[in-house]
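In listed order, ligands and their atoms are each counted from 1. A quick note: this is a predicted structure, and the numbers were derived from the prediction, not measured.
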Amino acid sequence: MRIFAREALLPDGWARDVAFELGPDGTIADVQRGAPPGGDVVDGPVVPGMPNLHSHAFQRAMAGAAERRGASGDDFWGWREAMYRLAATLDPDALRTIAREVYRAMLAAGYTAVAEFHYLHRDPRGAWYADKAETSRALIAAAKDAGIAICLLPALYAHADAGGAPLHARQQRFATTPDDVLEIAGALRRDHAGDPDVVVGACAHSLRAVTPDELRALVAGSPPTVPVHLHAAEQTREVEAVRAALGAPPVAWLLANYDVGPRWCLVHATHMDDAERDALARTGAIAGLCPTTEANLGDGVFPLAPYLAAGGRIGIGSDSNVSISAVEELRWLEYGQRLTKRRRIVAASSTGQSCGETLYAHAARGGAQACGIRAGALAVGHRADLLVLDDRAEPLAGAPPEELLDRYVFATNRAAPRHVMVGGRWRVRDGNPSP
Ligand code: NGQ
Ligand code: ZN
């Protein structure tokens with residue numbers, strides 16, 4: 001299959017008259033600039049699809065339902081109680097239905113892959129389903145229904161807080177040992193061996209939810225190349241709990257105890273001191289940033305400029321799915337910085353560099369790395385995960401290509417690409433799901 005675009009964003013910038021030859025495996029086999037039109041001529045500028053590196057799909061069912069003032073101190077931990085009440089109501093069918101709609105919305109909003117951070121393993125009363133992988137399978141099925149690539153992350157969740165505190169009653173659904181999650185992940189990997197649209201990673205909920213020994217068993221028992229994800233340093237209370245139990249804050253502790261490198265994704269990593277920030281940046285690991293959820297939950301602001309200056313890699317996630325929009329995540333990422341630093345153009349560092357394009361390129365590449373897929377750039381050997389932007393109307397109409405992603409990130413009020421391709425297959429055509 002050949003697709004032809006008048007304008008496409010290649011790794012070294014915008015190119016004209018680009019022909020992509022796609023292989024039968026859904027990857028890009030060849031890219032030609034200045035090519036003659038032919039094949040599937042797309043009607044708009046082409047950019048890489050955006051991986052969504054962090055989602056709890058089920059939480060979409062409470063979007064907007066926890067925005068009323070409570071009797072005392074509305075904070076992250078109070079929101080979490082509402083989230084636990086929701087989690088207790090969902091069976092595997094409900095999970096699949098919600099996730100399917102969420103994944104369709106992600107595709108429509110420019111996400112072409114999702115890392116689903118999954119911990120609703122048991123039934124609502126805390127008993128195992130006959131198949132321990134039942135709810136994980138429901139999520140993979142939802143991704144298949146929708147046509148999005150998925151990195152399923154079955155999370156190890158064994159304790160209520162750092163120091164090995166026992167799980168609360170309302171966390172019993174999440175209760176897992178390292179052997180449980182290795183068994184689930186192993187079964188899924190066997191079932192989806194050779195499927196380019198399903199990756200199964202290794203995942204611990206957080207340093208609150210596992211002991212050092214449990215984390216060690218999980219990482220040691222997982223294949224050495226799969227992505228490793230965990231929540232880290234999102235709330236200051238969490239940082240203090242980890243410091244008290246382990247003698248160091250989460251990021252410093254991880255760096256001291258693991259060979260943290262490109263397969264690691266530290267979700268949030270909001271609260272770091274300067275040394276942690278620069279050390280994390282040097283590892284090649286991904287900081288998984290979820291700006292709309294982090295804002296919604298009152299987490300704090302990630303130190304973006306010095307982290308990027310130190311060579312740090314980032315990706316974006318929709319996390320609680322209170323918002324499902326790649327554009328909104330990128331815009332909030334930059335605007336949070338501008339508001340707190342009282343300056344402009346934070347993510348771009350060199351003179352003349354586009355802020356929107358820089359954010360987009362960082363997040364696309366970093367997101368793909370965190371999802372364990374070769375994507376995030378339109379290059380030979382990469383997945384054909386791409387968007388055709390809608391340049392028929394403002395704000396994209398008439399834009400020179402160099403300005404397109406600045407207009408897309410900062411000026412669109414509906415992040416809706418015209419067409420979306422995942423692994424060489426059109427999944428959205430003219431804004432609608434494509435069967
Ligand atoms: C989660 N979400 O597991 O869904 C968490 C909240 C927790 C975010 N951190 C619960 N955004 O961290 O304990
Ligand atoms: Zn999360």
Side-chain angles (χ1 to χ4, degrees), residues 52-63 65-66 74-90 95 98-99 102 106 114-122 135 139 151-163 165-176 181 201 203-210 227-242 245 250-251 265-271 286-302 315-324 329 332 367 370-371:
N52 179 350
L53 60 60
H54 190 69
S55 160
H56 309 282
F58 79 90
Q59 292 174 10
R60 180 65 177 177
M62 65 182 285
D74 293 295
D75 64 8
F76 175 92
W77 308 99
W79 170 87
R80 193 172 77 153
E81 293 303 319
M83 184 269 277
Y84 286 168
R85 287 194 289 278
L86 167 67
T89 66
L90 303 173
L95 200 57
I98 296 165
V102 166
M106 286 178 187
V114 58
E116 178 68 27
F117 194 111
H118 171 54
Y119 53 88
L120 304 189
H121 299 296
R122 296 172 180 246
T135 56
L139 291 163
C151 173
L152 198 279
L153 299 159
L156 170 59
Y157 202 131
H159 301 283
D161 210 344
L167 291 174
H168 302 306
R170 54 201 184 284
Q171 297 171 322
Q172 291 303 328
R173 262 204 107 161
F174 324 150
T176 32
V181 291
C203 176
H205 180 272
S206 55
L207 291 180
R208 289 174 274 130
V210 299
V228 183
H229 288 227
L230 78 173
H231 292 113
E234 179 179 15
Q235 286 276 318
T236 51
R237 182 172 126 187
E238 161 183 41
V239 173
E240 293 320 315
V242 170
V251 174
C265 177
L266 276 57
V267 181
H268 308 305
T270 313
H271 301 287
I286 302 297
L289 308 178
C290 310
T292 65
T293 296
E294 289 160 12
N296 187 271
L297 300 182
D299 289 341
V301 178
F302 180 81
I316 54 166
S318 62
D319 193 350
S320 68
N321 293 306
V322 65
S323 165
I324 301 176
E329 298 305 334
W332 263 100
C371 290

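- Our summary of the site lists the angle at the Zn ion (ligand 2) between NE2 of His54 and NE2 of His56 as 100°, to the nearest 10 degrees.
- Inspection of the His229 and His231 side chains reveals no N or O donor paired with an N or O acceptor under 3.5 Å.
- A donor-acceptor contact under 3.5 angstrom links the side chains of Thr135 and His118, judged on distance only.
- Near Tyr119, meaning under 4.0 Å from one of its heavy atoms, ligand 1 places the atoms 1 (C), 3 (O), 4 (O).
- Remark: distances from the non-hydrogen atoms of His205 to ligand 1 include one below 4.0 Å.
- Side-chain rings of Phe302 and His268 stay apart, their centers remaining 6.0 Å or farther from each other.
- No hydrogens or angles considered: a donor-acceptor pair under 3.5 Å links the side chains of Asn321 and Ser55.
- Listed by number with element, the atoms of ligand 1 under 4.0 Å from a non-hydrogen atom of His268 are 9 (N), 11 (N).
- Counting heavy atoms under 4.0 Å from ligand 1, residue Trp79 touches it through the side chain alone.
- No hydrogens or angles considered: nothing links the side chains of Thr293 and Asn296 as a donor-acceptor pair under 3.5 Å.
- With 3.5 Å as the limit, one finds no donor-acceptor pair spanning the side chains of Thr270 and Glu234.
- Atoms SG and CD, from Cys151 and Glu116 in turn, are 10.0 Å apart once rounded to the nearest 0.5 Å.
- For ligand 1, the polar-atom distance check finds an N/O of Arg80 within less than 3.5 Å of one of the ligand's N/O atoms.
- The shortest separation from a heavy atom of Phe76 to ligand 1 is under 4.0 Å, placing the residue in contact.
- Within the listing of ligand 1, atoms 7 (C), 12 (O), 13 (O) sit less than 4.0 angstrom from a heavy atom of Arg208.
- Ring geometry for Tyr119 versus Phe58: interplanar angle over 60°, hence perpendicular rather than tilted (30 to 60°).
- Atoms of ligand 1 found under 4.0 Å from any heavy atom of His56 (numbered from 1 in listed order, with element): 1 (C), 2 (N), 3 (O), 4 (O).
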Dump the intermediate steps for side chain to side chain contact (heavy atoms under 4.5 Å, CB included) on Ser318 and Met106, then the final yes or no. CA-CA 9 Å; Ser318 62; Met106 286 178 187; 3.6 Å; yes
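- Distances from ligand 1 to the non-hydrogen atoms of Glu294 include no value under 4.0 Å.
- At least one N or O atom of Glu234 sits closer than 3.5 Å to an N or O atom of ligand 1.
- Heavy-atom proximity to atom 5 (C) of ligand 1, evaluated over His54, Gln235, His231, is greatest for His231.
- Atom 11 (N) of ligand 1 has as its closest protein heavy atom Asp319 OD2, 2.9 Å.
- The N, O or S atom of His231 lying closest to the Zn ion (ligand 2) is NE2.
- Taking a 4.0 Å cut-off on heavy atoms, Glu238 fails to register as neighbouring ligand 1.
- Screening Leu152, Leu139, Leu53, Asn52 for a side-chain contact (heavy atoms from CB on, under 4.5 Å) with Val114, the sole residue that qualifies is Asn52.
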